[in-house]
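Just so it is clear, the values below take in all heavy atoms, side chains as well, and ignore hydrogens, waters and symmetry mates. In what follows, chains are A, B, ... by sequence order, proteins preceding strands, each numbered from 1.
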Amino acid sequence: MAALSDFRLLRPASAAEAVRLRGEYPASRFIAGGTDLLPNMRRGLVTADAVIDLGRIAELSELRVVDDRLHIGAGVTLATLAADPVARARLPALAQAAAAVAGPTHRAAATLGGNLCLDTRCMYYNQSEPWRDAIDNCMKIAGDTCRVATKSPRCWAAFSGDVAPALLVLGAEVQILGPQGMRNLPLSEFYRDDGMAWLSLAPGELLLSVRVPLADGWLSAYEKLQIRGAIDFPLTGVAVALRRTGDLIGELRIACTGVSSRPELIGGLDALAGKTLDDAALSGIDRQIRRGTQPMETTVISVAYRRRATPVLAKRLAKRLWAASA
Amino acid sequence: MKSILRLSVNGKPREDAVADNTLLIDYLRDALGLTGTKQGCDGGECGACTVLVDSRPRLACSTLAHSVAGSEIETIEGLSHAGNLSRLQRAFHEHLGTQCGFCTPGMIMAAEALLRSNPHPQRAQIKAALAGNLCRCTGYVKIIESVAAASATTELSA
Ligand SMILES: Cc1cc2nc3c(=O)[nH]c(=O)nc-3n(C[C@H](O)[C@H](O)[C@H](O)COP(=O)(O)OP(=O)(O)OC[C@H]3O[C@@H](n4cnc5c(N)ncnc54)[C@H](O)[C@@H]3O)c2cc1C
Ligand code: FES
Ligand code: FES
C-alpha cells in the first residue's frame with residue numbers, strides 16, 4: 001500500500017487561520033472528514049506539502065435555523081445532516097441525499113463541505129498508480145488525453161456527489177471565505193463544467209457554510225442508482241423539488257449528479273408552470289434532462305443505460321411528489 | 001515531520017512521536033502492534049479497518065492519526081477483558097458469524113458502536129449499521145444473526 005506523500009499537518013482553530021495557512025502553503029490541501037482526500041492521496045492522485053485539518057474549527061460545525069433558512073456549516077457531518085429534524089421535515093431531498101452517501105461509517109466522518117468539493121471521478125482516474133501507468137495515464141493526472149473521449153480537448157470526469165443536486169433544487173447559497181474576505185454565491189455558480197476544474201473556488205478559498213431557504217409549500221426528494229445498495233457512488237442521481245398551486249404545477253426543479261462534470265440544474269422546466277403533470281409534461285422532463293446532461297464512459301455501467309435511467313428516475317420522483325402534494 | 005500525539009487506546013493514555021502523514025491504521029498496527037485492525041482495501045471501500053473513536057465507528061485507513069488527538073480509540077483488542085470474550089465476540093463465534101475472519105474485527109467494531117447507541121436493534125437497523133462492511137465469506141446472514149444474538153444477551157461488553 002502506497003504511503004502518503006510527506007506533508008505537515010496543520011490544525012487551525014478558526015476559519016480565518018485556515019485561510020491564512022492555505023495562503024502560506026500554496027501546495028497545501030484542506031482536509032475535513034478525509035474520506036475522499038485520503039483514499040485519493042493513497043492512490044497518488046493528490047499530493048500536498050501541507051494538509052490543513054478543518055476538524056477543530058467550531059464555526060464550521062454550526063447547524064441552526066437563521067431567518068427562515070437552514071444554516072449548515074461546511075464541517076457538519078452527513079450523519080448529523082441525515083438525522084437533523086429540520087432537514088428531514090422541511091428539506092427531505094437534503095436529508096435523503098446525505099443518507100445516500102457511501103456507508104454509515106463514512107457518513108459519521110464525512111462532511112457537507114467535503115461532499116460539495118468532492119473530486120470528480122472517472123474509471124480511468126480512480127485507479128491505482130500501476131493501473132494508470134499501464135494506460136499511460138489521462139489528462140486529469142499526468143497524461144495528455146481524456147481516455148473517455150480521446151479527441152476531446154477537455155476532461156470528462158463526472159461529478160458524483162449526492163448532496164449537491166438536492167441543494168441545487170432547494171435553492172441553496174454558499175458562503176466562501178478567501179484571502180480577500182467573504183463572498184456569497186448561489187450553489188449553481190459554485191460549479192463549472194470541467195472535469196479538471198469543477199469548482200469556481202479560487203485557490204486559497206474555503207467553503208464556510210451553506211444556507212438553504214425553508215420555503216413553505218415545497219416537496220422534495222432525492223434518489224440515486226448504484227451498483228450495490230451501499231458504499232457506492234451514484235451512477236446517476238436525481239433530486240426533484242415541486243411546489244404545487246392548486247391543481248397545477250407552481251414550480252418544478254430537477255438536478256442531476258453523476259452524469260456531467262458538474263451537478264446539473266436542469267433548464268427549460270419553467271414551461272411546465274401552470275400545467276398539470278400529465279404525459280406531455282413528463283415527456284418535457286425527459287427531453288430537458290437528455291438535453292441538459294451528458295453521461296460519458298466514466299463508469300463501468302454503460303452510457304446508454306445511465307442516459308435512459310436518469311429521466312426515468314426524475315419522472316418517478318416527480319410523479320411521487322405530485323401525488324403526495326394532491 | 002514528527003510531533004507528539006496524545007490520545008487513549010483501549011483505555012490506556014498514550015504519548016507517541018508520530019509523523020504528521022501517519023494514518024490511524026498504520027499507527028495502530030505498526031507503532032502499537034495492534035494488528036487486529038485489518039487493511040482490506042486500498043482506502044475506504046471495505047470497512048475492515050473500522051475502529052471506535054469516542055464510541056463512534058471510524059475508518060482507520062481514511063483517518064490521519066493526529067486528527068483524532070485527544071480521543072479515546074478502541075480496537076478489537078480492547079473488547080475482551082481478563083480473557084473473556086465480549087458478547088459480540090462470543091456471538092460471532094457461536095453463531096458462525098466469522099469464517100476467514102478478515103472482516104470480523106471491523107464488523108464487530110461497527111456492531112459494537114450500534115449496540116452502544118441502540119442496545120436492541122431491529123434486523124433492518126443491524127443491516128444498515130453494517131452496510132459499509134464487506135465480507136467475502138459468510139453471505140452476511142450469519143453476521144446479522146450474530147449481532148442479533150449478542151443484542152439479546154444482557155452481559156455488558158465493558
Ligand atoms: C468507498 C467510498 C464510497 C463513497 N461513496 C460516495 C457516495 O455514494 N456519494 C458521495 O457523494 N460520496 C461518496 N464518497 C466520497 C466521500 O466519502 C464523500 O463525498 C464525503 O462527503 C467527502 O467528505 P469529507 O469530509 O470526507 O471530504 P474530504 O475527503 O475531507 O475532502 C474532500 C475534498 O474537499 C475539500 N474540502 C473539504 N472541505 C472543504 C471546505 N470546507 N472548503 C474547501 N474545500 C474543502 C478537500 O480539500 C478535498 O479536496 C465515497 C467515498 C468512498 C471511499
Ligand atoms: S481498509 Fe478498507 S475501508 Fe479501510
Ligand atoms: S469472514 Fe471472511 S471476509 Fe468476512
Is there side-chain contact between H66(B) and V51(A), with heavy atoms separated by less than 4.5 Å?
no
Restricting to salt bridge (Lys or Arg N to Asp or Glu O under 4.0 Å), what partner residues turn up for E62(A), sequence neighbours left out?
R64(A)
Turns out that what part of I31(A) lies under 4.5 Å from chain B's heavy atoms comes down to side chain
Portion of R56(B) that has a non-hydrogen atom of chain A nearer than 4.5 angstrom
side chain
Pair count under 4.5 Å, heavy atoms only, with chain B: among G229(A), P39(A), P104(A), A230(A), highest is P104(A)
Who in residues 45-53 of chain B is close to chain A, using a strict under-4.5 Å heavy-atom cut-off?
E45(B), T50(B)
Contact origin within A79(A) toward chain B - heavy atom pairs under 4.5 Å:
side chain
Tell me, which pairs form a salt bridge (charged side-chain N to carboxylate O under 4.0 Å, His left out) where one or both residues lie in residues 9-20 of chain A, sequence neighbours left out?
R11(A)-D53(A), E17(A)-R20(A), R20(A)-E24(A)
Interchain contact, L134(B) with chain A, by part (heavy-atom threshold 4.5 Å)
side chain
Most chain A-contacting option - heavy-atom pairs closer than 4.5 Å, from G132(B), A129(B), S62(B)
S62(B)
To the nearest 0.5 Å, how far apart are CD1 in I231(A) and SG in C41(B)?
9.0 Å
Residues of residues 13-20 of chain B contacting chain A, heavy-atom criterion under 4.5 Å, by residue number
D20(B)
Between G44(B) and H106(A), what is the shortest heavy-atom contact and its length?
O-NE2, 2.6 Å
Can you tell which part of T63(B) gets under 4.5 Å to a heavy atom of chain A, answering side chain, backbone, both or neither?
backbone
If I measure from the heavy atoms of chain B, does L9(A) come under 4.5 Å with its side chain, its backbone, both, or neither?
both
Flag the pair M41(A) / N21(B) as yes when at least one side-chain heavy-atom distance between them is below 4.5 Å, and no otherwise.
no
Which atoms of A131(B) are under 4.5 Å from chain A, going by heavy atoms: the side chain, the backbone, both sets, or neither?
both
Indicate the atoms forming the closest heavy-atom contact of R42(A) with C61(B), along with that distance.
NH1-O, 3.0 Å
R107(A) versus chain B, heavy atoms under 4.5 Å apart: side chain, backbone, both or neither?
neither
Test applied, side chain to side chain contact (heavy atoms under 4.5 Å, CB included); reference residue, L4(A); option that passes from D26(B), T22(B), L64(B):
L64(B)
Derivation and outcome, side-chain contact (heavy atoms from CB on, under 4.5 Å), residues R43(A) and D42(B)
CA-CA 8 Å; R43(A) 289 178 168 187; D42(B) 71 350; 2.8 Å; yes
